[in-house]
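Here's the structure we're looking at; comments come further down.
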2 protein chains.
Amino acid sequence: MKKTEEKALVGVREIARKANVSIATVDRVLHNRTGVSAKTKEKIDAIIEELNYKPNILARRLASKQILRFAVLIPSVSKETDYWNAPLSGVLQAESEISSYGIQVETFLFDQNDKKSFVKQSEAVLRGNFNGVLLAPMFIEESSKFVDECALLNIQCVFINSDIPDKNSLCYIGPSLYHSGYLTAHISGYLLKENDKVLIVNISKEIDNHHHLLRKEEGFRKYFEDNHKVNEILKVDIRDTAYDSVKKSLSAALKDNTINLIFVTNSRVSSVAHYLEEEGIEDVKLIGFDFLTENIAYLKKQTIDFLICQKPIEQGYRGIMALYTHFVHASPIDKVYHMPIDIITKENHQFYRN
Amino acid sequence: MKKTEEKALVGVREIARKANVSIATVDRVLHNRTGVSAKTKEKIDAIIEELNYKPNILARRLASKQILRFAVLIPSVSKETDYWNAPLSGVLQAESEISSYGIQVETFLFDQNDKKSFVKQSEAVLRGNFNGVLLAPMFIEESSKFVDECALLNIQCVFINSDIPDKNSLCYIGPSLYHSGYLTAHISGYLLKENDKVLIVNISKEIDNHHHLLRKEEGFRKYFEDNHKVNEILKVDIRDTAYDSVKKSLSAALKDNTINLIFVTNSRVSSVAHYLEEEGIEDVKLIGFDFLTENIAYLKKQTIDFLICQKPIEQGYRGIMALYTHFVHASPIDKVYHMPIDIITKENHQFYRN
DNA sequence: CTGAAAGCGCTTACAG
DNA sequence: CTGAAAGCGCTTACAG
């Protein structure tokens with residue numbers, strides 16, 4: 001069968017014919033290149049408009065020898081969590097899909113407990129002659145500075161995992177942290193009786209005012225407030241992430257209070273689960289974040305009741321694809337793409353796709 | 001920048017050079033066409049293997065004038081539910097992405113309350129000279145017969161929404177119904193006290209032994225059994241889906257029993273919500289299925305506590321893409337793709353992507 | 001059974 | 001400022 005007549009006609013060749021110019025000139029106009037008289041450009045633009053011309057992306061990339069270079073600037077996997085494996089695997093998946101179309105992806109990993117390593121890697125990116133960069137802007141100040149320098153070099157930035165809202169990025173792809181906290185509180189509401197007590201646990205080396213864990217806590221508390229819940233909410237910050245330290249802090253917190261539900265604001269929920277199991281504590285509900293192997297093991301045993309997940313693999317995949325779409329299709333991209341807030345339990349985890 | 005040498009080399013041209021044949025002959029081998037001597041074929045195959053040749057899909061579709069035709073055979077939107085709008089919109093989205101690559105999609109809608117309309121539309125599909133068809137095999141027998149005839153005509157079938165497991169389809173894309181029921185029970189478990197009573201409500205014109213609602217009920221009951229829950233489980237089948245009839249059945253069921261949680265096995269949960277609201281009943285938890293506008297409205301008001309959803313838009317999208325991948329990339333496809341089982345509440349519905 | 005040539009819709013030097 | 005021609009990696013008649 002043949003393609004429809006109409007389609008066969010609307011191409012650079014047809015535009016050139018109508019405008020009485022060569023296809024090279026049409027190409028120049030299509031790409032806003034210099035060296036076309038205003039008059040010619042106008043005429044061609046009108047015809048493009050009239051014919052509702054859509055370029056054939058296949059042909060374009062096939063003919064073009066230009067290769068596009070994207071950098072990925074995210075944390076490496078640490079002893080404490082292999083969370084970042086997920087976004088990375090999404091990145092790799094996207095890369096394998098588009099690498100044959102002239103896209104190169106290079107990865108720069110930094111230590112999320114060490115700002116200096118971030119700075120060092122970000123400088124390498126700046127030197128690498130990239131068209132775009134996908135980054136996790138964990139360190140707000142340093143990331144902000146980096147993004148400014150990218151702007152100077154005309155490098156497009158995409159944020160994943162957490163956002164710097166006022167920064168001039170192509171887009172942000174990741175959770176709405178506040179709302180994940182709020183949702184967690186909603187679920188917790190179902191598990192709590194009127195006078196039950198809640199313990200919020202922040203486990204992180206870097207808990208400062210900017211830290212995104214605090215946004216989850218904020219959302220969590222707001223839910224209780226909005227719904228006039230009278231449950232007491234206690235809180236403990238644990239800055240030393242080693243298990244012994246977690247254990248000590250939890251013991252202290254649980255000794256003086258009868259806690260009915262623990263909300264861990266990040267993926268370290270497994271160490272709390274470990275503690276509860278070790279101590280034989282069974283009547284405490286436990287909710288935390290992220291689809292990690294360790295967490296899932298506890299979810300299966302129901303030591304963890306719910307995990308909140310935000311498709312980290314997809315974040316990596318979509319991050320690269322956002323750059324790809326921007327450069328290859330030149331089509332506009334949503335400034336913010338909030339990932340769904342997924343509720344994972346013993347019964348649906350096997351069907352979960354990151 | 002130039003593409004890497006390596007890439008530039010591995011193409012039909014290089015294979016032809018190595019094999020001392022023309023690229024036309026290489027093309028014949030690549031597509032398993034006739035008219036190549038066994039010896040030549042063998043030699044070329046070896047070189048393809050050795051070079052780890054991957055065809056350039058862009059170039060292939062660009063050069064090929066072949067167009068691919070897919071049919072979509074799903075229910076139309078009915079007075080009772082606009083559920084099928086969602087898969088359809090996924091289909092349309094996929095179509096718009098791939099239509100410029102020579103793919104045509106044609107839609108055949110049938111009335112899910114009328115087997116004859118299915119048969120009629122399926123016959124139209126058979127006559128339409130399609131390469132593949134995406135269908136919702138609601139009517140098991142009729143669908144089964146249709147699939148057999150497709151096989152004769154060498155038309156590939158993809159199932160969505162519900163499966164016919166032993167049928168020779170390309171793949172199934174949709175929920176594991178049993179597990180959605182099981183998960184719903186798990187959530188219900190958190191909402192119930194020891195002696196609370198549960199009411200299962202099936203609202204459907206077609207409740208027979210094959211019907212997929214029953215698989216959800218089965219999973220639901222199994223959870224209670226597995227976890228030695230003693231809650232009493234009542235059940236009502238409502239075959240007349242008009243609101244008045246639903247109202248009558250519910251009134252009868254609720255008059256004689258104190259029900260604490262109602263599980264509606266499909267998207268008709270909104271009519272139960274409507275009833276509860278009308279009667280001013282506030283202490284009954286309500287769980288049902290599907291991300292429909294009506295349901296979401298009740299979810300916001302918390303008349304409905306949880307909705308279980310299975311990304312109907314994505315089912316449509318992936319269904320078409322499965323056919324596309326099969327024909328264009330000729331790459332193998334998972335026989336079963338179970339959709340995640342999503343738990344939707346008042347707090348996360350705004351981030352949900354179908 | 002095999003090959004030379006044209007063409008898919010674009011981009012890219014190069015020449016004027 | 002503009003155009004003719006070659007080429008991206010493949011497929012498709014057509015000729016032998």
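Here is how names work: the chains are called A, B, and so on, in the same order as the sequence lines, proteins then strands, and each is numbered from 1.
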Heavy-atom nearest nucleotide on DNA chain D for B:A63 versus B:R28: which residue maps closer to 5'? B:A63

In whole Å, I'd like the distance from the CZ atom of A:R17 to the P atom of D:dG3. 15 Å

Closest-nucleotide 5' rank along DNA chain D - winner of A:A38 and A:I23: A:A38

Nearest whole Å is fine: how far is D:dC8 C1' from B:K54 NZ? 20 Å

Any B:R33 side-chain N or O less than 4.0 Å from OP1/OP2 of D:dT12: yes

Any A:T25 side-chain nitrogen or oxygen under 4.0 Å from OP1 or OP2 of D:dG3: yes

Pairing check on C:dG16: which nucleotide meets the Watson-Crick or G-U wobble criteria with it, both distances under 3.5 Å? D:dC1

Would you please say whether a donor-acceptor pair under 3.5 Å links the side chains of A:Y172 and A:D334? no

In whole angstrom, give the distance that lies between atom CG of B:L30 and atom C1' of D:dG9. 11 Å

Donor-acceptor pair, distance only, cut-off 3.5 Å: does the side chain of A:S76 make one with the backbone of A:F110? yes

Closest listed nucleotide, where the reference is the side chain of B:S64 and the choices are D:dT12, C:dT12, D:dG9: D:dT12

Closest listed nucleotide, where the reference is the side chain of A:V21 and the choices are D:dC10, C:dC8, D:dG3: D:dG3

When the aromatic ring centroids of B:F108 and B:F130 are compared, is their separation below 6.0 Å? yes

Distance, rounded to the nearest Å, where B:Y53 contributes OH and D:dG9 contributes P: 10 Å

Over how many whole Å does the gap from A:N56 atom CG to D:dC8 atom P extend? 18 Å

To the nearest Å, give me how far apart NZ (B:K41) and P (C:dT2) are. 12 Å

Closest-nucleotide ordering on DNA chain C, the 5'-leading residue of B:N20 and B:A59: B:N20

Any A:S37 side-chain nitrogen or oxygen under 4.0 Å from OP1 or OP2 of D:dT2: yes

With heavy atoms under 4.0 Å as the rule, sort A:T40 into base, sugar-phosphate or nothing. sugar-phosphate

Residues B:R17 and B:E14 bridged, charged N to O under 4.0 Å: yes

Between atom CD1 in A:I67 and atom P in D:dC8, what is the gap in whole Å? 16 Å

Let me know the distance between CG of B:L51 and C1' of D:dG9, rounded to the nearest Å. 15 Å

I'd like to know if B:R353 and B:E314 make a salt bridge, using a cut-off of under 4.0 Å between side-chain N and carboxylate O. no

Do the side-chain N or O atoms of A:S22 get closer than 4.0 angstrom to the phosphate oxygens (OP1, OP2) of D:dT2? no

